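One structure below.
In this text, all values refer to a predicted model and were calculated from it rather than measured experimentally.
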Amino acid sequence: MRCTARVAAEFGPPLARLAGAYESDSSRRQDLLQELHFAVWRSLATFRNQCSLRTWVYRVAHNTATTYVCKQRRSRRIRLASLRRSRRISSGARCRTAWSMRRMYDRKIKDLIEQLKPVDRDVLLLYLEGLRAAEIAEVVGISPGNVAQKVHRAQKYSRAHFQSGESHERDQ
């Protein structure tokens, strides 16, 4: 059995980022994060080293987050979070301009993420976490080639989205 404290320490920040990507309300985000930690803790008893611990944790966390999203949609309370990271910005005209530009950029990222299907969102979030295509494929249950294609499409779509300054209809 793995040391649960070590696993929680090692995967705490990625789980927090995942919770932040799925829930904008801070109290519900904390509830989701607690659910993610609990699901990972509970699953460690069934971990059999058939994949890496990292892949296992991400698979459990993304399955838990996906279930959470489905429950929230059913209750019509889903609000995807902004990907904005808390950042202290000092006062002053230059900082206010940078802050304003950062908010605009964050809004565009949020719009992009909100337009993705859940599986595409999972692939993109795992890619941003630094997982390889094979690891992402294991987590979401698709082929590595399909992962690469989804990442490529998300990159192409985001370039078009940011260059035009307006939302585009996503090819489905």
Side-chain angles (χ1 to χ4, degrees), residues 2-47 51-89 98-131 135-142 147 150-151 153-155 157-158 161-162 167 170 172:
R2 303 268 179 192
C3 174
T4 56
R6 184 184 68 80
V7 171
E10 183 177 342
F11 295 103
L15 292 178
R17 286 189 295 272
L18 178 69
Y22 276 91
E23 182 56 69
S24 61
D25 179 82
S26 63
S27 65
R28 287 196 301 250
R29 183 173 48 247
Q30 286 301 317
D31 290 344
L32 174 58
L33 181 57
Q34 188 173 11
E35 283 184 45
L36 294 175
H37 278 283
F38 181 69
V40 168
W41 172 77
R42 191 176 54 226
S43 75
L44 287 175
T46 60
F47 180 63
C51 61
S52 72
L53 178 62
R54 179 181 179 187
T55 300
W56 180 265
V57 168
Y58 280 117
R59 182 182 304 152
V60 170
H62 279 274
N63 287 343
T64 302
T66 301
T67 300
Y68 172 84
V69 167
C70 290
K71 286 179 186 176
Q72 294 299 309
R73 281 193 176 145
R74 275 183 287 215
S75 66
R76 301 196 191 298
R77 293 182 308 167
I78 187 69
R79 281 184 274 158
L80 293 176
S82 165
L83 292 182
R84 225 179 349 193
R85 299 293 175 231
S86 298
R87 211 182 267 197
R88 296 241 187 240
I89 299 177
W99 182 77
S100 177
M101 290 180 72
R102 178 72 185 175
R103 283 190 56 169
M104 182 179 70
Y105 176 76
D106 290 344
R107 181 68 215 164
K108 284 187 170 195
I109 290 174
K110 181 181 182 215
D111 290 345
L112 173 67
I113 296 294
E114 286 177 344
Q115 293 175 24
L116 296 176
K117 295 177 186 176
V119 70
D120 294 340
R121 184 181 317 124
D122 287 346
V123 167
L124 186 58
L125 290 171
L126 291 168
Y127 175 77
L128 293 173
E129 286 291 334
L131 272 72
E135 293 172 312
I136 296 170
E138 281 187 67
V139 172
V140 298
I142 60 177
V147 168
K150 287 181 179 299
V151 169
R153 284 182 181 164
Q155 289 171 335
Y157 176 70
S158 64
H161 185 78
F162 285 106
S167 251
R170 185 171 193 309
Q172 298 287 331

Can you tell me how far [atom2] of [Y] sits from [atom1] of [X], rounded to the nearest 0.5 angstrom?
X      : Y      : atom1 : atom2 : value
Glu23  : Asp31  : CD    : CG    : 8.5 Å
Thr64  : Phe38  : OG1   : CZ    : 10.5 Å
Leu125 : Arg121 : CG    : CZ    : 7.5 Å
His62  : Thr67  : NE2   : OG1   : 12.5 Å
Glu129 : Ile136 : CD    : CD1   : 10.0 Å
Asp120 : Arg153 : CG    : CZ    : 8.5 Å

Between [X] and [Y], what is the shortest heavy-atom contact and its length?
X      : Y      : result
Ala154 : Leu124 : CB-CD1, 4.2 Å
Ala61  : Leu15  : CB-CD2, 3.4 Å
Ala65  : Leu18  : CB-CD2, 4.2 Å

Among all residues two or more places apart in sequence or in another chain, which pass the side-chain hydrogen bond (donor to acceptor under 3.5 Å, both in side chains) test with [X]?
X     : result
Gln30 : none
Gln34 : none
Ser27 : Asp25

For Thr46, side chain to side chain contact (heavy atoms under 4.5 Å, CB included) partners two or more places apart: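 For Thr46, the residues satisfying side chain to side chain contact (heavy atoms under 4.5 Å, CB included) (neighbours in sequence not counted) are Ser43, Trp56.
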Partners meeting side chain to side chain contact (heavy atoms under 4.5 Å, CB included) with Arg54 (sequence neighbours left out): Phe11, Ser52, Tyr58, Leu131, Glu135
Under 3.5 Å donor-acceptor, Thr55 side chain and Cys51 backbone: no
Salt bridge (Lys or Arg N to Asp or Glu O under 4.0 Å) filter on Glu35, not counting sequence neighbours, yields none
Does any part of the side chain of Arg28, heavy atoms only, come nearer than 4.5 Å to the side chain of Tyr22, both counted from C-beta?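 Heavy-atom side-chain distance check fails, nothing below 4.5 Å.
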Under the criterion side-chain contact (heavy atoms from CB on, under 4.5 Å), I'd like the reasoning laid out for Arg6 against Leu53: C-alpha separation, chi angles, the key distance, then a yes or no. CA-CA 12 Å; Arg6 184 184 68 80; Leu53 178 62; 3.9 Å; yes
The test is side-chain contact (heavy atoms from CB on, under 4.5 Å); show your working for Ile142 and Lys150 and say whether it passes. CA-CA 11 Å; Ile142 60 177; Lys150 287 181 179 299; 3.9 Å; yes
